Amino acid sequence: MPRGSKDKYTDKQKRKAEHIADSYEDRGVPEDEAERRAWATVNADSGGGNKSGSGRGVPDTNAAARRGGVKGGAASAGRTAAQRSESAKKAAATRKRNAARAK
């Protein structure tokens, strides 16, 4: 269970945390851990509770949602050396052809 009162969070933040927690639980994460991770994600996106007055909330950046899935070299990781070499040769030929057209 996450520590502290959630009264300072907006309804949208509470809904978002609930949805994230449900998603974690669907993937087999225990309920208390899923809830802890969900609130950590909401805090990462919006910087904590926003319910302090009209117009004083900070807009969500959804930064946490953009963190996963971007790994350098992931496209070539599952390919053999021959496949990578063939791709590199093809790219070099394309660059050479484009350079010749530009002249």
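Given the structure is predicted, the values throughout are model-derived calculations rather than measurements. Sequential numbering from 1 along the given sequence is applied to the chain's residues. FYI, side chains are in, hydrogens and waters are out, and symmetry mates aren't considered; it's all heavy atoms of this structure.
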Q) Given side chains that start at C-beta, do those of Lys14 and Trp39 come closer than 4.5 Å, heavy atoms only? A) yes
**Q.** Reported CD-to-CG distance for the pair Gln13 and Asn43, which is rounded to 0.5 angstrom
**A.** 8.0 Å
**Q.** Spacing of Ile20 atom CD1 and Arg15 atom CZ [to the nearest 0.5 Å]
**A.** 12.5 Å
Q: To the nearest 0.5 angstrom, please state how far the OG1 atom of Thr41 sits from the CZ atom of Arg36.
A: 9.0 Å
Q) Would you find more than 12 non-hydrogen atoms of other residues, nucleotides or ligands less than 6.0 Å from Gln83 atom CD? A) yes
**Q.** Evaluation steps, salt bridge (Lys or Arg N to Asp or Glu O under 4.0 Å), between Arg37 and Glu33
**A.** CA-CA 6 Å; Arg37 288 185 192 182; Glu33 175 67 10; 2.9 Å; yes
Q. Do Lys12 and Ser46 have side-chain heavy atoms sitting under 4.5 Å apart?
A. no
Q) Looking at residues at least two apart in the chain, or sitting in another chain, which of them share a side chain to side chain contact (heavy atoms under 4.5 Å, CB included) with Asp26? A) none
Q: Would you please name every residue forming a side chain to side chain donor-acceptor pair (under 3.5 Å) with Arg27, sequence neighbours left out?
A: Ser23
Q) Nearest heavy-atom pair of Ala38 and Ala17: which atoms, and what distance? A) CB-O, 3.2 Å
Q: Please name the pair of heavy atoms, one in Val29 and one in Ala34, separated by the smallest distance, quoted to 0.1 Å.
A: CG1-N, 3.7 Å
